[in-house]
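Worksheet: one structure, shown below.
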Amino acid sequence: MTFENISKVYPNGTAALESVSFRIEPQVIHALCGENGAGKSTLMKILFGLEAPNSGRILLGGHEVSIRSPVAAASHGIGMVHQHFSLLPSMTVAENIALGNEPRRGPFVDRKAARERAAALAERYRLNVDPDAPVRTLSIAAQQKVEILKALSRKVSLLILDEPTAVLAPLESEELFERLLALRAAGLTIVFISHRLREVRQLADHVSVLRGGRVTLDAELAAVSDAEITSAVMGRRIAAAARREHNIAGKPRLEFEHVSVRSAAPGDTLADVSLSVHAGEILGIAGVDGSGQSGLTGLLSGRLVPEAGDIRFDGTSVAGATMRDLRRAGMAHLPADRFAAGGAATMSLAENITAEAEDIRAGAFIDLRKRDRRALDLLAEYNVKFRRADQPLKSLSGGNAQKVVAAREFATGPQIVIADQPTRGIDAGAAAMLHAKLRDFSDAGAAVLLISADLDEILVLSDTIVTLYAGRVSGVFRNAAEVTPEMLGPYMLGLAGAD
């Protein structure tokens, strides 16, 4: 498959892609890297038929093809698993896999055949998932398997994976890599979009880098160094972050005392959880997906109420408080899903980024000029790639949307920061900036609760690390600077620590 001089210019004059040309060899894993806004998603949307180029062409098997819709892409054997899943939560695994391609018996959907097909696919590709399970009951890792199986059910020969490990724990990522290598060995071509150089190095055969809509590197992975790839991505070198030295000097600001929550969703369930985050401390939460992390964030967003125990901010109980109450108490929250929970997807960037600003209001009214000036200042400060301040949040890439959410939250000067997967799916430069912000708030006396599936992020930022397993605290590591991933693994898997 070959891209020849693909260009995409939007009506306002923004050039997303400029003469992009490179070849994807068959039966390889081809990594596509670049900063948020570099053009990766636009290029893949063109390949998948979601957008049309202004110029250039796509060749498959040496012949030019026109791909104007996902249906057309599927007819050419192209499938895509997006970073933000498109599954229907109320439907079963089998129903989601069959959706739009249902087997029929006369005028009716043959549900038995759909189930059998889903089970056969799962067995064939060793992506084990219950075909009868409602998607809403599945972990994020299991939902990703369903998305991959849905694509494979269309008999794809080229599979695009957009940041597939962004929501996975390390062990889940390793399992996914095993499956992807097996798919490559079975003859599939895979385009692997990732910001994580270690994953690219571990998995891919070839790497192409986009920066500013242009190809800055296209090479066999074995022929280039990490420094060359980083320089091609960033246009500059990024210094590796040093491990944070242990530093707890202040009083407890956020406390969970014997907190329990019962829920049908495993990730919401907590059992007798006690932990404290002190002023000036970053406390990292590590655990396999579904171990109780969403229970912690649910309690700190007003979505859940503890059935037992207490939660305190600076000694005052906030158990059962609303999100508005928690904000007034000095909390900022970066949720894992920046579109569904972090902002209003259909509202403008200016409205989203200034939503918590009080000084732009005059009674019941908003000073629009002041709002727009504030919005442009914040968008510039956080290096958000955008076309207009009045464009909707949903028009941004996931990484740029996360920067909008972070800018809004951090502008409030919080005393307690809840950072849930803060750098999921964003590039190295943006991640370094957000890491620096979290360190700055901590150094200024705020308490930071960091929840991340990225163990490198946990290890680099944390003063203290708490592991969760099955809703319980399984381990507490007081000096994170001395902790290794190998030390955390048994506690994350329930092989060590609490019963």
Side-chain angles (χ1 to χ4, degrees), residues 48 50 70 79-103 109-119 121-122 125 127-154 161-169 172 175-176 261-270 287-305 323 333-346 393-394 398 401-402 405 420-421 424-425 451 453 470-471:
F48 194 55
L50 293 171
M80 184 169 183
V81 177
H82 299 271
Q83 183 178 345
H84 299 280
F85 302 153
S86 58
L87 302 174
L88 297 179
S90 62
M91 297 177 68
T92 68
V93 168
E95 289 168 340
N96 270 281
I97 290 173
L99 191 63
N101 190 32
E102 298 91 344
V109 174
D110 189 338
R111 297 183 181 278
K112 180 180 178 182
R115 185 194 181 284
E116 289 174 349
R117 186 168 68 182
L121 279 167
Y125 294 108
L127 291 165
N128 299 321
V129 63
D130 181 1
D132 298 317
V135 163
R136 66 173 177 270
T137 67
L138 300 181
S139 69
I140 294 296
Q143 290 182 44
Q144 186 175 72
K145 292 178 183 178
V146 178
E147 285 278 17
I148 294 173
L149 288 170
K150 184 175 180 178
L152 294 173
S153 73
R154 272 64 173 176
L161 295 169
D162 188 2
E163 296 286 350
T165 63
V167 294
L168 301 183
E172 294 168 331
E175 181 186 359
L176 174 65
V261 175
R262 286 181 294 181
S263 174
D268 285 348
T269 298
L270 297 173
V288 174
D289 181 57
S291 295
Q293 299 94 321
S294 63
L296 293 178
T297 58
L299 291 167
L300 293 170
S301 66
R303 181 174 63 84
L304 297 174
V305 176
M323 188 64 171
H333 186 194
L334 274 64
D337 191 328
R338 64 284 311 250
F339 289 109
T346 60
L393 182 68
K394 67 180 181 181
Q402 180 72 328
V405 174
D420 186 5
Q421 316 299 337
R424 186 187 77 193
I451 300 170

- Message: Ignoring hydrogens, what is the shortest heavy-atom contact between Glu175 and Lys145? Give both atom names and the distance.
- Response: OE2-NZ, 3.1 Å

- Note on the structure: When rounded to the nearest 0.5 Å, the distance separating OG1 of Thr346 from CG of Leu393 is 9.0 Å

- Query: Could you give the distance from CG (Leu149) to OH (Tyr125), rounded to the nearest 0.5 Å?
  - Reply: 9.0 Å

- Please round to the nearest 0.5 Å and tell me the distance separating atom CG of Leu127 and atom CG of Leu121. 9.0 Å

- Item | Close side-chain approach of Val146 and Leu87, heavy atoms under 4.5 Å | yes

- Message: Nearest 0.5 angstrom please: Arg303 CZ to Met323 CE, how far?
- Response: 11.5 Å

- Message: Any non-hydrogen side-chain atom of Pro335 less than 4.5 Å from a side-chain atom of Thr297?
- Response: no

- Item | Contact check, side chains of Asp130 and Val93, non-hydrogen atoms, under 4.5 Å | no

- Indicate yes or no: at least one non-hydrogen side-chain atom of Val129 is less than 4.5 angstrom from one of Leu138. yes

- Query: Less than 4.5 Å apart, any side-chain heavy atom of Thr92 and any of Val135?
  - Reply: no

- Query: Of the non-hydrogen atoms in Gly292 and Leu270, which two are nearest, and what is the gap between them?
  - Reply: O-CD2, 3.4 Å

- Shortest non-hydrogen contact from Ser291 toward Gln293: N-OE1, 2.9 Å

- Item | Side chain proximity check, Leu300 to His333, heavy atoms < 4.5 angstrom | no

- Can you check whether Leu304 reaches Ser263 side chain to side chain, under 4.5 Å on heavy atoms? no

- Query: Which distance, rounded to the nearest 0.5 Å, do you find between the CD of Glu147 and the CE of Met80?
  - Reply: 10.5 Å

- Note on the structure: Smallest heavy-atom separation, Ala122 atom then Asn128 atom, equals O-OD1, 4.2 Å

- Query: Crowded around Arg111 CZ? As in, over 12 foreign heavy atoms under 6.0 Å?
  - Reply: no

- Message: So which atom in Ala453 and which in Gln421 form the shortest heavy-atom distance, rounded to 0.1 Å?
- Response: N-OE1, 2.8 Å

- Partner set under salt bridge (Lys or Arg N to Asp or Glu O under 4.0 Å) for Arg136, not counting sequence neighbours: none

- Query: Which pair of heavy atoms, one from Lys150 and one from Ile97, lies closest together, and at what distance?
  - Reply: CG-O, 3.9 Å

- Query: Is it true that a side-chain atom of Glu102 and a backbone atom of Ala114 form a donor plus acceptor pair closer than 3.5 Å?
  - Reply: no

- Task: Find out whether Met91 and Leu99 are in side-chain contact, i.e. whether some heavy atom of one side chain is under 4.5 Å from a heavy atom of the other.
- Result: yes

